[in-house]
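This report concerns only the one structure given below.
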Amino acid sequence: MEQPAQRAVTGAAGTVLSGALAGRRGRIAVSRWSYLIAIGAVAGVVFVPGPALFCFAALTSVSLSVPFSLQATLGQDYLPSRVGESHHAA
């Protein structure tokens, strides 16, 4: 459906957008809203016919790439303070 060049551009746009939005609204809030937007975008890919499909495909790509970098930084923030906790399970 999407071409590799379009996927690269929309992925880069999502990553840049995530940094700008997270600085203003917070990483967790931006991740949540991005996933909610992705639900609507995927529905558009499934149900919208014709050339508008490509707009929804691009929106899907952007909305799914936004939380990727945010979750990576959240993991870096949360996990170092909890090193070894998974080994304490009984």
Side-chain angles (χ1 to χ4, degrees):
M1 186 171 304
E2 277 188 316
Q3 299 298 320
Q6 180 186 6
R7 201 171 325 135
V9 169
T10 55
T15 301
V16 170
L17 183 64
S18 70
L21 289 173
R24 292 184 180 147
R25 303 287 182 195
R27 292 179 289 185
I28 295 173
V30 172
S31 292
R32 288 177 180 165
W33 278 104
S34 175
Y35 283 127
L36 287 172
I37 291 169
I39 291 169
V42 169
V45 168
V46 172
F47 295 113
V48 174
L53 171 100
F54 294 107
C55 294
F56 283 104
L59 182 60
T60 300
S61 180
V62 169
S63 63
L64 290 176
S65 64
V66 164
F68 179 76
S69 60
L70 299 177
Q71 289 174 348
T73 60
L74 282 169
Q76 291 168 351
D77 284 349
Y78 291 152
L79 293 177
S81 64
R82 295 170 176 83
V83 173
E85 280 192 24
S86 63
H87 300 290
H88 294 289

What donor-acceptor contacts under 3.5 angstrom involve side-chain atoms of residues 19-32, with partners at least two apart or in another chain?
| from | atom 1 | to | atom 2 | distance (Å) |
| --- | --- | --- | --- | --- |
| Arg27 | NH1 | Thr73 | OG1 | 3.1 |
| Arg27 | NH1 | Asp77 | OD2 | 2.9 |
| Arg27 | NH2 | Asp77 | OD2 | 2.6 |
| Ser31 | OG | Arg27 | O | 3.1 |

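- Cluster membership check: Trp33 shares its hydrophobic cluster with Ile39, using side-chain heavy-atom separations under 4.5 Å among Ile, Leu, Val, Met, Phe, Trp and Tyr.
- No single ILVMFWY cluster, assembled from side-chain heavy atoms under 4.5 Å apart, contains both Val62 and Val45.
- Of the possible polar contacts, none joining the Ser18 side chain to the Pro67 backbone as a donor-acceptor pair under 3.5 Å is found.
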Let me check something: any side-chain donor-acceptor pairs from residues 52-60 under 3.5 Å, sequence neighbours excluded? List them with distances.
| from | atom 1 | to | atom 2 | distance (Å) |
| --- | --- | --- | --- | --- |
| Thr60 | OG1 | Ala41 | O | 3.4 |
| Thr60 | OG1 | Phe56 | O | 2.8 |

